[in-house]
Amino acid sequence: MSTALAFDLGASSGRALLGRLDNGRLFVEELHRFPNDPVLVSGRLHWDILRLYHEIKQGLLAAKEHASAPSSVAIDSWAVDFGFIGTDGELLRNPYHYRNFHSPEMMEEVLSMVSKSEIYSKTGIQFLPFNTIYQLYSIRKHQPELLAGAKKLLMIPDLLRYFLTGEMYSEFSNASTTQMYNPLLGNWDQELISKIQLPLNIYPPVLQSGENAGNIRASVIQELGLNGMTLYTAAEHDTGSAVVSVPALQHQFAYLSCGTWSLIGTEIDHPMMTPEALELNFTNEGGACGTYRLLKNIMGLWILQESRRVWANKGALYSFPELVKMAEEAEPFVTVIDPDHDLFLTPGDMPSRIQELAKRTAQPVPITPGEITRCILESLALKYRLTLDETERVSGRVFDGLHMVGGGIYNELLCQWTANAIGRPVWAGPAEGSAIGNLAIQFIARGEFSGIMEARRVIRNSVEVKEYEPQQIQRWEEAYQAFRQNAGISK
């Protein structure tokens, strides 16, 4: 029996999961779960990185007490955000939250210095206003003293690893999301970085997933009473790890990683940095074992999460199952929105923003929580259909169905509506996709899986996968055409 420990940090919570390999099956046990609440200070939204480090230490303590203590650990998290380490080895300040950087002006200024086509030809990354490159440009412009004091830039998992090991590395999947890493060079693109007048010397060496990233430093071992433990790089962008967990038995498949964000795409061997991929704003993010993820980001269940928070602040405390039930009972296909509209990027009153967008597009205005929730879930399912069609167009592949992983699969109504919208089966599972993929990468690194395909076969035999067959296909096709019209999509 072999064990490993995965820390999976999401935008609202984190968890430590212990994985055990036993007789060709993977058994996963949650040891520790904790909230990840951003902190607003003087109008700036920060990640509470030291609290996250504290919770990681609590997870290590829980693993130490377990009968099957792990011999390795890896960390994955969301992408694009980072912290600076100063010349004295200390963290310069709490990392900013990506939703701080919602102003499109920074991206527009960078694109006035380097063309969109040039950036895409060097990085293959989707243009989003909160990408690391635009965050850094904003800091250069407004807080130059912060950049001047930085010795190294570390992405969130890299930063937490540094606290544990004292070693400073970046990891391929997360480095690729910065829009400064060139997959054709296999390194940071110094020419691009120089053109937008950013420092050239703050980017650490890049490791692939599944590489040894150091051992826990002696002071941490003494503090926590641990035995020695090796830290590996997972695919540290959580979607990269989630894709490893997709229980597909064929090499070509489409996936939807569904949570606060929804990410839909396919796994490829080489980046597809074509004019069509640029036109449709597809990204080529790094994956595990040298693969790439051709995908698009969709706003996801964030809109519903924020709506629920707004209703709770007004004294209406709804559980997610209650909202889903109310949505199911609401009238279908009354109002649809584009979930990726700029209105939904920053925190705030999502119900009011949905109502505003309904008015702008001359649609009925949803009023009740059930109507608003139905609008969100139907719109997400229809956006998944659009993006799956685009994925086939860019990749030249045709998919029999869609593998859905992540916490969003607990929303069975969304799973069924997604199957209805795409007119193909949806295979839902596993829910803890990022953590399971994180564990699988550790087992690959340790030689206990021969590669991704063996890992996926074991995962397929170890988790429940629920199949949703499409229903009401014609009615959903009509709704899809209305969605395209209301969202202003002509191609």
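Small disclaimer: the values here were computed from a predicted structure and weren't measured.
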- Item | Which residues share a ring pair (Phe, Tyr, Trp, His ring centres under 6.0 Å) with Phe449, sequence neighbours left out | Phe443
- Item | Glu236 vs Met155, side chain to side chain contact (heavy atoms under 4.5 Å, CB included): CA-CA, chis, key distance, verdict | CA-CA 9 Å; Glu236 290 186 348; Met155 308 297 282; over 6 Å; no
- Supply the atom-to-atom distance Asn100 CG to His97 NE2, rounded to the nearest 0.5 angstrom. 8.5 Å
- Item | Residue among Leu301, Thr373, Ile376, Leu323 satisfying side-chain contact (heavy atoms from CB on, under 4.5 Å) with Ser307 | Ile376
- Query: Is there side-chain contact between Thr177 and Ile125, with at least one heavy-atom pair below 4.5 Å?
  - Reply: no
- Message: Around atom NE2 of His270, are there more than 12 heavy atoms from other residues, nucleotides or ligands closer than 6.0 Å?
- Response: no
- Query: How are the rings of Tyr181 and Trp188 set relative to one another: parallel (under 30°), tilted (30 to 60°) or perpendicular (over 60°)?
  - Reply: perpendicular
- Message: If we ignore hydrogens and angles and just use 3.5 Å, is the side chain of Ser209 paired with the main-chain N or O of Cys289 as donor and acceptor?
- Response: yes
- Centre of Tyr169's six-membered ring, under 6.0 Å away, within 45 degrees of the axis: is that where NZ or CZ of Arg161 sits? no
- So, are Glu306 and Arg309 salt-bridged, with charged N and O less than 4.0 Å apart? yes
- In Å and rounded to the nearest 0.5 Å, what is the CG to OG distance from Leu224 to Ser219? 9.0 Å
- Can you list the steps and then say if Lys383 with Met299 is a side chain to side chain contact (heavy atoms under 4.5 Å, CB included)? CA-CA 10 Å; Lys383 189 64 181 271; Met299 202 69 72; over 6 Å; no
- Task: Please determine, by modelled atom types, if Thr239 and Arg293 share a side-chain donor-acceptor pair under 3.5 angstrom.
- Result: no
- Message: Using modelled atom types and a 3.5 Å cut-off, is there a donor and acceptor pairing between side-chain atoms of Gln442 and backbone atoms of Val73?
- Response: yes
- Query: With distance as the sole test, does Arg217 use its side chain to make a donor-acceptor pair with the main-chain N or O of Phe163 at under 3.5 Å?
  - Reply: yes
- Please name the pair of heavy atoms, one in Asn36 and one in Leu52, separated by the smallest distance, quoted to 0.1 Å. OD1-CD2, 3.6 Å
- Task: Search all heavy atoms of Ser262 against all heavy atoms of Gly300 and return the closest pair with its distance.
- Result: OG-CA, 3.5 Å
- Query: Can you tell which of Ser434, Pro157, Ser241 makes a side-chain contact (heavy atoms from CB on, under 4.5 Å) with Ser77?
  - Reply: Pro157
- Query: Are the aromatic rings of Phe130 and Trp261 close, with centres under 6.0 Å apart?
  - Reply: yes
- Message: Within this structure, what is the CG-CG distance for the pair Asn284 and Leu294, rounded to the nearest 0.5 Å?
- Response: 5.5 Å
- Query: What orientation do Trp311 and Tyr318 show, parallel under 30°, tilted 30 to 60°, or perpendicular over 60°?
  - Reply: perpendicular
- Task: Determine yes or no for a side-chain-to-main-chain donor-acceptor pair under 3.5 angstrom, with Asp8 supplying the side chain and Arg15 the backbone.
- Result: no
- Message: Listing request: all salt bridge (Lys or Arg N to Asp or Glu O under 4.0 Å) pairs with a residue in residues 394-416, at least two apart in sequence or in separate chains.
- Response: Glu412-Lys466
- Query: Is a donor on one side and an acceptor on the other found under 3.5 Å between the side chain of Thr233 and the backbone of Gly210?
  - Reply: yes
- Task: Grab the two heavy atoms, one from Ile444 and one from Ala455, that are nearest each other, plus how far apart they are.
- Result: CD1-CB, 4.4 Å
- Find the distance between CE (Met107) and CG (Leu128) and round it off to the nearest 0.5 Å. 7.5 Å
- Message: If the test is side-chain hydrogen bond (donor to acceptor under 3.5 Å, both in side chains), which one of Thr283, Asp189, Asn131 qualifies with Gln179?
- Response: Asn131
- Message: I'd like to know if the side chain of Glu392 reaches the main chain of Phe399, judged simply by a donor and an acceptor atom lying under 3.5 Å from each other, with no hydrogens or angles considered.
- Response: yes
- Message: Tell me if the centroids of the rings in Phe172 and Tyr292 come within less than 6.0 Å of each other.
- Response: yes
- Is the closest side-chain heavy-atom distance between Met350 and Gln305 below 4.5 Å? no
- Query: Quick check: does any side chain N or O of His46 sit under 3.5 Å from a backbone N or O of Asp48, one acting as donor and the other as acceptor?
  - Reply: no
- Which atom pair, heavy atoms only, marks the closest approach of Gly429 to Val405? O-CG1, 3.5 Å
- Item | Sidechain-backbone polar pair: Thr3 side chain, Ala69 backbone, donor-acceptor under 3.5 Å | yes
- Message: Measuring from atom CD1 of Ile372 to atom CD1 of Ile303, what distance do you get when rounded to the nearest 0.5 angstrom?
- Response: 12.0 Å
- Query: For Asn461, does the CG atom have more than 12 heavy-atom neighbours from other residues, nucleotides or ligands under 6.0 Å away?
  - Reply: yes
- Message: Are more than 12 heavy atoms, taken from residues, nucleotides or ligands other than Gln250, located less than 6.0 Å from that residue's CD atom?
- Response: yes
- Message: Please check this pair: side chain of Arg99 against backbone of Leu345, looking for a donor-acceptor N/O pair closer than 3.5 Å.
- Response: yes
- Message: Does this structure show an ion pair linking Asp389 with Arg424, if we count only N-O contacts that are shorter than 4.0 Å?
- Response: yes
- Can we say Lys57 and Glu223 salt-bridge, meaning some charged N sits less than 4.0 Å from an Asp/Glu carboxylate O? yes
- Which atom names give the shortest non-hydrogen contact between Gln208 and Glu211, and what distance separates them? N-OE2, 2.8 Å
- Message: Quick check for you: to the nearest 0.5 Å, what is the distance between Tyr255 atom OH and Glu267 atom CD?
- Response: 7.5 Å
- Message: Which residues pass the salt bridge (charged side-chain N to carboxylate O under 4.0 Å, His left out) test with Glu328, not counting sequence neighbours?
- Response: none
- Message: Which heavy atom of Arg33 sits nearest to which heavy atom of Ser13, and what is that distance?
- Response: NH1-OG, 3.9 Å
- Evaluate the side-chain proximity of Asp81 to Gln135: yes if any heavy-atom separation is below 4.5 Å, no if none is. yes
- Could Arg385 and Glu477 be called an ion pair, given the rule that one side-chain N must be under 4.0 Å from one carboxylate O? yes
- Task: Answer whether the closest heavy-atom distance between the side chains of Arg25 and Phe27 falls below 4.5 Å.
- Result: yes
- ring-ring contact (aromatic ring centres under 6.0 Å, His included) between Tyr134 and Tyr98: does it pass, once the steps are laid out? CA-CA 10 Å; Tyr134 311 119; Tyr98 58 84; over 10 Å; no
- Test item: Asp76 and Glu171 side chains (from C-beta on) under 4.5 Å apart, heavy atoms: no
- Query: Counting distance only, does the side-chain N/O of Asn281 pair as donor-acceptor with the main-chain N or O of Gln126 below 3.5 Å?
  - Reply: no
